Amino acid sequence: MSQEITLIKGDGIGPEVVDATLRILEAAGLDFKWDEQVAGGQAFDAGVDSGVPEATVTSIQRTKVALKGPLATPIGFGQRSANVTLRGLFETYANIRPAIQLPNVKSHFQDLNLDLVVVRENVEDLYTGIEYMETPDVALSLKLVSRKGCTDIVRAAFEFARSAGRKKIHCATKANIMKKTEGLLKSTFEEIAVEYPDIETDHILIDNCAHQMAINPTQFDVVLCSNMNGDIISDLSSGLVGGLGVAPACNLGRQYSIFEAVHGTAPDIAGQDKANPSSMILTAVMMCRHLGYFKEADAVEQGLKVTLNSGIMTGDLTRENPVSTTVFSDAVIGNLGQTMPGFMAREYKPFVMPIYEPHVTSDFCPSSVVSGVDIYVDSKLSLVDVISNMSNLASNVRLKLHGIYNRGTKVFPVQTELTEYIEHWQCRFVDEDGGVVQDADIRELLDLIEINDAFYWMHVEKIFNMD
Ligand code: NAI
């Protein structure tokens with residue numbers, strides 16, 4: 001029986017580039033059974049808050065594989081992105097974005113034949129959606145990075161590198177500033193790297209990585225990043241080889257995989273038969289390899305390269321006689337079976353997402369290690385008054401005011417007149433004799449803050465001594 005795949009054509013140009021791709025796959029002899037479902041704009045319009053209807057979820061649960069066009073997401077208001085929902089729902093924790101120079105496609109580095117891949121953590125970090133207005137004037141977002149998430153993405157990056165015959169991984173982080181979150185990715189990478197002696201490894205700061213990509217991109221083979229950094233750096237890498245219209249992507253998990261073009265719905269050209277289907281075609285090529293159809297994947301990839309090399313292109317790539325989506329995909333079909341000298345496909349091996357014993361969670365005994373508490377308050381008082389009121393408030397209880405921070409800068413006990421303050425104060429209390437802080441101590445403090453008109457507390461964080 002032929003492989004069943006969930007098909008989500010998507011919004012805007014989605015149906016056009018997906019239909020073009022399906023015709024090419026069929027012409028290449030692939031008789032996949034498509035189960036067409038919806039997500040994104042159509043689902044939001046039908047009143048599905050998540051953008052992913054139950055029928056779509058059930059379909060992917062059954063088929064385990066989805067091919068997806070771009071989905072519309074409202075910006076700055078309204079529902080959560082259906083793409084983000086799908087990634088989280090199916091735990092597709094690895095986002096893989098190759099940036100490979102295609103023949104004849106104009107780019108700043110066209111002569112270098114760039115060939116690199118960004119592997120991006122896909123379900124954690126600043127994209128969990130844990131974000132809120134802490135006060136009417138302060139927005140807060142949680143950067144959540146777990147040891148499990150780091151282990152998953154690091155192992156996936158090494159296994160992917162092996163399957164695609166790649167030799168080196170750069171782990172690109174901001175561990176110099178975000179020592180705990182980004183630092184966890186770096187240290188996990190270094191721990192696991194010893195198990196893969198055949199792959200060369202290096203660490204690079206993400207800002208320098210962006211800089212190096214712009215001045216010397218050939219040094220990169222695989223670049224591994226946390227979610228947001230990877231989001232940005234993978235768009236940058238696509239830009240190096242001619243833009244989003246030619247860049248494929250996939251989201252892989254242990255059980256489910258979702259293959260999607262990286263570009264959006266392009267509302268400006270939707271419904272005009274102008275869209276470039278190359279990104280979607282290359283995405284389908286990745287899917288075919290993932291499913292073990294290596295020969296067919298090579299044929300489609302080569303057919304696309306031969307077409308581009310002959311100068312047949314859509315309007316985003318050329319001003320001289322651009323062709324329509326339909327004419328372009330017909331040309332690719334006509335070129336199936338031909339190969340493009342000098343642009344040979346890599347030798348790919350089957351890639352299976354790594355399965356391993358779950359990480360043993362670290363010993364953690366909160367009641368014995370709480371050494372302090374941070375209470376975040378809103379207050380209109382001046383710095384001097386915040387300090388004196390908070391100190392007074394704590395004068396009759398066990399915990400004492402140890403420090404006050406404003407936007408991360410310590411403003412008490414070391415005061416600085418240079419800092420401009422906002423009405424959002426992080427007040428740290430500890431037992432000055434070094435005793436363990438009990439929940440009752442925290443409640444006592446909160447009770448006092450609550451009856452003080454000058455302060456309004458928003459959230460509380462215990463401080464643990466972990467090691
Ligand atoms: P976009 O990628 O849709 O368009 C940016 C520019 O690139 C436009 O000028 C467009 O015409 C052009 N373009 C994009 N893909 C093309 C293609 N295949 N062929 C020819 N030209 C192409 O990005 P934009 O405008 O920021 O987003 C529009 C919508 O798409 C938004 O709702 C956004 O949330 C969504 N989006 C969805 C993504 C996904 O589902 N994976 C990814 C990015 C955006």
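Only a predicted model underlies this, so the values are computations on that prediction, with no experimental measurement involved. Order of appearance sets the numbers: ligands from 1, and atoms from 1 within every ligand.
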| query | Does the N or O separation between Lys274 and ligand 1 drop below 3.5 Å for any pair? | reply | no
| request: Working to the nearest 0.5 Å, report the span between CD1 of Ile177 and CD of Glu182. | output: 10.5 Å
| Selected option - heavy-atom contact closest to atom 37 (C) of ligand 1, from Thr314, Thr265, Leu71 | Leu71
| Contact atoms of ligand 1, heavy-atom distance to Ala275 under 4.0 Å | 19 (N)
| note | Heavy-atom proximity to atom 9 (O) of ligand 1, picking from Asn276, Asp268, Leu244, Thr325, points to Asp268
| remark: Output for pair (Ser163 OG, His290 NE2), nearest 0.5 Å, gives 10.0 Å
| request: Using distance alone, decide if ligand 1 has a nitrogen or oxygen within less than 3.5 Å of any nitrogen or oxygen in Ala266. | output: yes
| note | Filtering Ile269, Val84, Leu86 for the heavy atom nearest atom 20 (C) of ligand 1 leaves Ile269
| task | Just let me know how Lys68 lines up against ligand 1, side chain, backbone, both or neither, with a heavy-atom cut-off below 4.0 Å. | result | side chain
| Inter-residue atom distance Leu89.CG - Gln61.CD, 0.5 Å rounding | 7.5 Å
| task | Please could you name the atoms of ligand 1 that Val262 approaches to less than 4.0 Å, counting only its heavy atoms? | result | 42 (C)
| Purely on distance, is any nitrogen or oxygen of Gly264 under 3.5 Å from one on ligand 1? | yes
| request: Write out all pairs satisfying salt bridge (Lys or Arg N to Asp or Glu O under 4.0 Å) with one or both partners inside residues 203-214, taking only residues at least two apart or from two chains. | output: Lys174-Asp207
| If you measure from atom 32 (O) of ligand 1 to every heavy atom of Thr73, Ile13, Asn251, which option wins on shortest distance? | Thr73
| said: When you compare the side chain of Arg87 with that of Ile258, does any pair of heavy atoms fall below 4.5 Å? | reply: no
| message | Check contact between Ser279 and ligand 1, using heavy atoms of the residue and a distance below 4.0 angstrom. | response | no
| message | Show every salt bridge (Lys or Arg N to Asp or Glu O under 4.0 Å) that has at least one partner inside residues 308-331, sequence neighbours left out. | response | Arg23-Asp330
| query | Tell me, do Val57 and Val52 make a side-chain contact under 4.5 Å, heavy atoms counted? | reply | yes
| task | Would you mind reporting whether Tyr376 and His424 have side-chain heavy atoms less than 4.5 Å apart? | result | yes
